[in-house]
**Student:** 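Can you keep this structure in mind? I'll have questions shortly.
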Number of protein chains: 2
Amino acid sequence: MMFSTKAEYGVRVMAHLAACDGSQPVALGAIAEAEGLPLAYLEHLVQRLRRAELVDSRRGAHGGYSLSRPAGAISMAEVVAALEGEIAPVECISADPDGSLVCSRERDGGASGPCPTKLLWTRVQGSIVRTLEEMTLSDLIPETTTKRVSV
Amino acid sequence: MMFSTKAEYGVRVMAHLAACDGSQPVALGAIAEAEGLPLAYLEHLVQRLRRAELVDSRRGAHGGYSLSRPAGAISMAEVVAALEGEIAPVECISADPDGSLVCSRERDGGASGPCPTKLLWTRVQGSIVRTLEEMTLSDLIPETTTKRVSV
DNA sequence: GGTTATCCTACCTTCCCGGTAGGAATGCTT
DNA sequence: AAGCATTCCTACCGGGAAGGTAGGATAACC
């Protein structure tokens, strides 16, 4: 298992929101009950989604959460990144904008060339990120479930 | 970080073996020292590789490990699977040859259709497995390091 | 004002990762 | 045969994170 339940649960919440009519916010309690997940735990996850500006929140009675954008405009890469953090298969590949972190293999001044395993992990990372970016929330909700209001 | 150091270290060991002349086994202690990794820990990992029949072992003096097959015939998918176990991004996708495990969303008799998030995770899994299967150990070792004996 | 909900912080518990330890088995070498 | 090098096996352990709980503060609606 490579992703934690943060991603698993969080994606479900997003899918649930996408499946609902977005005209009014959905209370997290309703989602928790429908999905059979602990409310208190979902609260943590949805906060991440909110800070990433993927959902809007309304407090108070009849409050809840709603997608900040149409489902088709929210890539799964954004969702997973918000929940799980940076997408990197191994520490070797962990983001270093400044390139400070090199595989321990590269410490020796690069005489032996770059870490031979780096190629593998960058490719794996690339393929994961690419497939996540190719999908949006709207790809998760079957047509029948989508609001057919405007039909 | 999605893969543990088991995969990271184990792949390094395999890459090291692939880079060495395979005519005689390499002691794990030498690899541990060269890669700067704890020997006692590598022993665990290399046992997994051995049980998966990816490496051959020879005990006693001048013993060690060697690839069981030419590097080009060992896919990285095999290596990672041996080290990390089944490749599944989330529990939802965890292998059930018999299909017994369904997402909790699918418990309700499937009235609401299959778990909407399943599509996402199966695609992610597919892309990971595919890229791992496309690469072999020989892709990790630069030409210069490869034995140019038979040239 | 009371109710409904989000928001925030702190805590707790269980699991597994990364690593250690110690020895038994095996095979060279002398 | 003795000794050494190395794999093999089992057990153990400490720390950290994941998964989850608790309690209250804040905000909006009625």
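We use all heavy atoms of the structure for the numbers below, so side chains are in, but hydrogens, waters and symmetry mates are not. Everything numeric here is computed off the predicted structure, so don't read it as measured data.
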**Student:** Which comes earlier along DNA chain D counting from the 5' end, the contact point of B:L28 or that of A:G60, where each point is its nearest nucleotide?
**Tutor:**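 Between the two, 5'-proximity favours B:L28.
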**Student:** If you define the side chain from C-beta out and look only at heavy atoms, does anything of B:Y65 sit under 4.5 Å from B:S57?
**Tutor:**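 They are in side-chain contact.
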**Student:** If you pin B:G64 and A:A61 to their nearest nucleotides in DNA chain D, which one's is more 5'?
**Tutor:**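 First, find each residue's nearest nucleotide; the 5'-ward one identifies B:G64.
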**Student:** Between B:I74 and B:L54, is there a side-chain heavy-atom distance shorter than 4.5 Å?
**Tutor:**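 In contact.
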**Student:** So if I take residues 48-59 of chain B and measure heavy-atom distances to DNA chain D, which residues fall below 4.0 Å?
**Tutor:**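 Result for residues 48-59 of chain B: B:R50, B:S57, B:R58, B:R59, sorted by number.
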**Student:** Taking only N and O in the side chain of B:Q47, is any of them less than 4.0 Å away from OP1 or OP2 of D:dC9?
**Tutor:**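 Checking B:Q47 against D:dC9: at least one side-chain N or O falls below 4.0 Å of OP1 or OP2.
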**Student:** Once you apply a heavy-atom cut-off of 4.0 Å, does B:G29 come out as touching a base, just sugar-phosphate, or nothing?
**Tutor:**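 Contact class for B:G29: none.
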**Student:** Do A:V55 and A:V13 come close enough that some side-chain heavy atom pair is under 4.5 Å?
**Tutor:**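 Side chain of A:V55 against side chain of A:V13, heavy atoms only: no contact under 4.5 Å found.
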**Student:** Report yes if some heavy atom in the side chain of A:D56 is under 4.5 Å from a heavy atom in the side chain of A:L67; otherwise report no.
**Tutor:**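 No, their side chains stay 4.5 Å or more apart.
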**Student:** What is the first contacted nucleotide of DNA chain C and what is the last, in 5' to 3' order, if contact means an atom lying under 4.0 angstrom from a heavy atom of chain A?
**Tutor:**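 Contacts span C:dT4 to C:dA10, reading 5' to 3'.
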**Student:** For DNA chain C, what is the dot-bracket line, given that a base pair needs Watson-Crick (N1 to N3, plus N6-O4 or O6-N4) or G-U wobble (N1-O2 and O6-N3) geometry with both distances under 3.5 Å, and | means paired with another strand?
**Tutor:** ||||||||||||||||||||||||||||||
**Student:** Could you grab the distance from atom CG of A:L28 to atom OH of A:Y41, nearest 0.5 Å is fine?
**Tutor:**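 One gets 13.0 Å once the value is rounded to the nearest 0.5 Å.
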**Student:** Could I get the full list of salt bridge (Lys or Arg N to Asp or Glu O under 4.0 Å) partners for A:E78, not counting sequence neighbours?
**Tutor:**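 A:E78 satisfies salt bridge (Lys or Arg N to Asp or Glu O under 4.0 Å) with A:R69 once adjacent residues are dropped.
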**Student:** Any side-chain heavy atom of A:F3 within less than 4.5 Å of one from B:M2?
**Tutor:**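 In contact.
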**Student:** Using a cut-off of under 3.5 Å, enumerate the N/O to N/O pairs linking the protein to nucleotides 17-20 of chain D.
**Tutor:**
residue: D:dG19; atom: OP1; partner: A:T5; partner atom: N; Å: 3.3
residue: D:dG19; atom: OP1; partner: A:T5; partner atom: OG1; Å: 3.2
residue: D:dG19; atom: OP2; partner: A:T5; partner atom: N; Å: 3.3
residue: D:dG19; atom: OP2; partner: A:T5; partner atom: OG1; Å: 2.9
residue: D:dG19; atom: O5'; partner: A:T5; partner atom: OG1; Å: 3.2

**Student:** Keeping the roles fixed (side chain from A:R130, backbone from A:E134), state whether a donor-acceptor pair exists under 3.5 Å.
**Tutor:**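 It does not hold such a pair.
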**Student:** Please answer whether the main-chain N or O of B:L83 pairs with a side-chain N or O of B:R48 as donor and acceptor at a distance below 3.5 Å.
**Tutor:**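 Yes: the side chain of B:R48 pairs with the backbone of B:L83.
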**Student:** With a 4.5 Å limit on heavy-atom distance, are the side chains of A:E35 and A:L42 in contact?
**Tutor:**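 Heavy-atom side-chain distance check fails, nothing below 4.5 Å.
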**Student:** Does one side chain, of A:E84 or A:S4, offer a donor that lies under 3.5 Å from an acceptor on the other?
**Tutor:**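 Present: a donor and an acceptor within the cut-off.
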**Student:** Who passes side chain to side chain contact (heavy atoms under 4.5 Å, CB included) against B:E53, sequence neighbours left out?
**Tutor:**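 Partners of B:E53 by the side chain to side chain contact (heavy atoms under 4.5 Å, CB included) criterion come out as none, since no residue qualifies.
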**Student:** Any chance CZ of A:R50 has more than 12 other-residue heavy atoms, nucleotides or ligands included, within less than 6.0 Å?
**Tutor:**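 Atom CZ in A:R50 is crowded, with more than 12 foreign heavy atoms closer than 6.0 Å.
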